[in-house]
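In this chain, residues are counted from 1 in sequence order. Predicted, not measured: the structure shown is a model, and the values here were computed from it. Values below: every heavy atom of this structure, side chains too, minus hydrogens, waters and symmetry copies.
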Amino acid sequence: MESYASAKRNPGDIEMFIEVHIEQGKRLEKKRLPCGIVTGIAGLCWLEITFEGEAGHAGNTQKEDRQDALVAASEFIVEANKLPTTISESAVATIGRQLVEPNGVNVIPGQVTLYVDIRDIDSQTRDQLVDETIHITRRIAEEHQVNWQYHEKSRVTPVPVDESIQEKLKKSFQANNIEPFSLPSGAAHDAMIIGTELPIAMLFVQSKDGVSHNPSEWSALNDGLQTVHVLKTFIEDLYTF
């Protein structure tokens, strides 16, 4: 066990970690490009937000007497969806899970808990988006006269790719007659973990329809081949720039 725990490489022996991965998005496909340069890997923040109103009979509770937690939550979802582009081009916010209680067809929702996934490649703008999300939660809860609370479930630091490395990648693209196209990675990758210790570079390969983690996931052989040529040029030129 001791030998297992101590079995690690010395970071000083490694110059750089380079990763190639499918994009898991549609930007390269829309641009009709085989591959792209990753500018950074987004750090996520997960918020658990709860709106608490009062359950009531759907037929006999008048509008002025209602404290519908789902109406408040629905307005929050719409507003939260608008926020990222007001703060950063690379920021995103997603509400992918929602729990409604008591979840009856003829019952006014008394409580809604939802989960917000907030990501950006820059810590400052990501954290600003988190703060703004909490601000609109408070405002909407007050407007609908429901209680609210939030819990931060996770916060991960983004990992940027050094601009000098991105410039070297651009030259490798040009050397292979491929238009250099830069894009952020919203998903986490191995380079994110290693990037806390070492310089990283990352290339995305075009994904068909942006599908991933699915049997339909597909990247064309030619796109992969062109990416390998860029990778080869980049590694060879690391020692000549």
Side-chain angles (χ1 to χ4, degrees), residues 14 16-46 77 80-81 84-85 88-98 115-122 126 129 154 156-163 165-196 198-238:
I14 306 171
M16 183 184 299
F17 180 80
I18 309 169
E19 182 172 3
V20 177
H21 200 283
I22 64 167
E23 181 192 349
Q24 301 173 283
K26 299 181 180 181
R27 297 183 189 183
L28 292 171
E29 187 175 47
K30 289 178 179 178
K31 295 284 290 184
R32 297 183 178 180
L33 293 172
C35 50
I37 300 165
V38 176
T39 57
I41 303 173
L44 63 81
C45 179
W46 284 357
I77 291 170
N81 186 59
T85 54
S88 166
E89 291 183 354
S90 54
V92 291
T94 306
I95 294 91
R97 186 182 184 206
Q98 180 174 274
Y115 296 83
V116 190
D117 180 314
I118 297 170
R119 304 187 187 210
D120 201 357
I121 61 173
D122 179 85
R126 191 278 310 275
L129 181 53
S154 179
V156 179
T157 303
V159 176
V161 176
D162 189 271
E163 290 187 5
I165 293 175
Q166 293 183 52
E167 287 300 317
K168 292 176 181 178
L169 281 169
K170 287 179 182 178
K171 293 179 180 179
S172 299
F173 273 67
Q174 292 164 344
N176 286 277
N177 298 313
I178 301 172
E179 176 189 343
F181 179 70
S182 300
L183 68 168
S185 172
H189 296 286
D190 294 343
M192 186 177 199
I193 307 301
I194 301 175
T196 61
L198 295 168
I200 59 168
M202 192 165 183
L203 295 170
F204 271 163
V205 183
Q206 184 189 132
S207 299
K208 179 176 173 55
D209 298 325
V211 176
S212 67
H213 303 293
N214 181 290
S216 298
E217 177 183 309
W218 178 260
S219 289
L221 176 60
N222 186 56
D223 291 337
L225 182 61
Q226 292 190 70
T227 306
V228 169
H229 283 302
V230 171
L231 176 65
K232 177 177 180 291
T233 302
F234 175 68
I235 293 174
E236 289 175 342
D237 290 348
L238 275 176

Donor-acceptor contact below 3.5 Å, side chain [X] vs main chain [Y]:
{"X": "Ser88", "Y": "Pro84", "value": "no"}
{"X": "Asn214", "Y": "Ser216", "value": "yes"}
{"X": "Arg126", "Y": "Leu44", "value": "yes"}
{"X": "Arg119", "Y": "Gly186", "value": "yes"}

Minimum heavy-atom distance between [X] and [Y], given as atom pair plus value:
{"X": "Gly210", "Y": "Glu29", "answer": "N-OE1, 4.3 Å"}
{"X": "Leu183", "Y": "Glu23", "answer": "CD1-OE2, 3.5 Å"}
{"X": "Ile118", "Y": "Ala93", "answer": "CG1-CB, 4.2 Å"}
{"X": "Ala42", "Y": "Ile121", "answer": "N-CG2, 3.6 Å"}
{"X": "Gly195", "Y": "Ile200", "answer": "CA-CG2, 3.5 Å"}
{"X": "Pro180", "Y": "Ile37", "answer": "CB-CD1, 4.2 Å"}

Please report the interatomic distance [atom1]([X]) to [atom2]([Y]), rounded to the nearest 0.5 Å.
{"X": "Ser154", "Y": "Tyr115", "atom1": "OG", "atom2": "OH", "answer": "13.5 Å"}
{"X": "Asp237", "Y": "Lys232", "atom1": "CG", "atom2": "NZ", "answer": "9.5 Å"}
{"X": "Arg32", "Y": "Glu179", "atom1": "CZ", "atom2": "CD", "answer": "12.5 Å"}
{"X": "Leu231", "Y": "Leu169", "atom1": "CG", "atom2": "CG", "answer": "9.0 Å"}
{"X": "Arg27", "Y": "Gln206", "atom1": "CZ", "atom2": "CD", "answer": "14.0 Å"}
{"X": "Thr94", "Y": "Ile77", "atom1": "OG1", "atom2": "CD1", "answer": "11.5 Å"}

In short, ring-ring contact (aromatic ring centres under 6.0 Å, His included) pairs touching residues 174-196 with sequence neighbours left out are His21-His189, His189-Phe204

Residues 207-233 vs ring-ring contact (aromatic ring centres under 6.0 Å, His included), sequence neighbours excluded, gives none

I'd like to know whether Leu129 forms a side-chain contact (heavy atoms from CB on, under 4.5 Å) with Asp120, so could you lay out the CA-CA distance, the side-chain angles of the two residues, the decisive distance to 0.1 Å, and finally the verdict.
CA-CA 9 Å; Leu129 181 53; Asp120 201 357; 6.0 Å; no

Can you list the steps and then say if Met16 with Leu238 is a side-chain contact (heavy atoms from CB on, under 4.5 Å)?
-> CA-CA 10 Å; Met16 183 184 299; Leu238 275 176; 4.0 Å; yes

Side chains of [X] and [Y]: closer than 4.5 Å at any heavy-atom pair?
{"X": "Val156", "Y": "Met192", "value": "yes"}
{"X": "Ile193", "Y": "Phe17", "value": "no"}
{"X": "Glu89", "Y": "Pro184", "value": "no"}
{"X": "Leu33", "Y": "Leu28", "value": "yes"}

Discussion item. Between Ser90 and Asp122, does the side-chain contact (heavy atoms from CB on, under 4.5 Å) criterion hold? Intermediate values first, please.
Written reply: CA-CA 8 Å; Ser90 54; Asp122 179 85; 5.8 Å; no

The side-chain contact (heavy atoms from CB on, under 4.5 Å) partners of Ser219 (sequence neighbours excluded) come to Ile22, Val205, Ser207

*asked:* One pair to check against side-chain contact (heavy atoms from CB on, under 4.5 Å): Gln226 and Asn176. What are the steps and the verdict?
replied: CA-CA 8 Å; Gln226 292 190 70; Asn176 286 277; over 6 Å; no

